[in-house]
Amino acid sequence: MILVFLGAPGAGKGTQAKLLSDKLSIAHISTGDMLRQAVEQGSDLGKRVKSIIDSGEFVSDELMIELIQQRVSEADCKAGYILDGFPRTVKQAEALGEMMKQRGVNLDAVLLFEVSESEVLKRLQNRASEQNRADDSAEVQKNRIAVYKEKTEPLIAYYNNKSMLKVVDSSQGPEQVFNNLLQAIGR
Ligand code: AMP
């Protein structure tokens, strides 16, 4: 099974991706985690992306596409995977479509985790105090939401037009949202 998780920062994609990847024994690919790890390790990639992540802007499409292309070729992705945080632009979505075609596989569904902006802000504030993420400061939070609206929201129509989109009510607690998610994918 190959799934894309879509939703604003703080919508619960990461939490739900962890739960579902455990249940289905498929890989959880979080591009945000991959980039943060690169920053922590001080690798060339990490040095290139640190200031971009800290500002809440997006890393270039070219770099992200290359990163995903490599990642999905790894052995643990054979049984399927959840893309958490990719694609985030129409260009990335088009590249993903091409990638799938070349690999002879299909995207099973795109799950949109839907939650109000006020709830998103509340969750990001909580996460800022719990995880001490530099990109969860109040100013950067606002920018991340603005960038999401401008660059990622168009993917909702993009995948809806392809009849691939399924909406998951993400306004409740993690357990209830997980039930909503299972229902959406028929599990
Ligand atoms: P996340 O943890 O998914 O919110 O990602 C943290 C940050 O990593 C984002 O704010 C972006 O700067 C960067 N990032 C993660 N995934 C992507 C992507 N698909 N395209 C561009 N930038 C990304």
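Atom set for the values below is all heavy atoms of this structure, side chains included, hydrogens, waters and symmetry mates excluded. Note that ligands are numbered from 1 as they come in the structure, with each ligand's atoms numbered from 1 the same way. The structure presented is a predicted model; accordingly, all values stated were derived computationally and were not measured.
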Original post:
Would you find a donor on one side and an acceptor on the other, under 3.5 Å apart, between the side chain of Gln16 and the backbone of Pro174?
Top reply: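 Yes, the answer is positive, given that a donor and an acceptor are paired below the 3.5 Å cut-off.
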Subject >> Residues in contact with ligand 1, criterion: heavy atom under 4.0 Å >> reply: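 Residue list for ligand 1: Thr31, Gly32, Leu35, Arg36, Ile53, Glu57, Phe58, Val59, Met64, Gly85, Phe86, Arg88, Gln92, Arg133, Asp135, Arg144.
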Original post:
Shared ILVMFWY cluster between Val120 and Leu111, side chains joined below 4.5 angstrom?
Top reply: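 Val120 and Leu111: separate clusters.
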Original post:
Would you say the side chain of Leu35 lies within less than 4.5 Å of the side chain of Met64, judging by non-hydrogen atoms?
Top reply: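 Counting from C-beta outward, Met64 and Leu35 do come under 4.5 Å.
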Subject >> Rounded distance (nearest 0.5 Å) linking atom OG1 of Thr31 with atom CG of Asp84 >> reply: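 Reported to 0.5 Å precision, the distance equals 6.5 Å.
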Original post:
By ring-ring contact (aromatic ring centres under 6.0 Å, His included), which residues pair with Tyr81, not counting sequence neighbours?
Top reply: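 ring-ring contact (aromatic ring centres under 6.0 Å, His included) list for Tyr81, sorted by chain: empty.
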Subject >> Any donor-acceptor N or O pair under 3.5 Å, side chains Asn180, Gln172 >> reply: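 There is such a pair (donor and acceptor under 3.5 Å, judged by atom type) between the side chains of Asn180 and Gln172.
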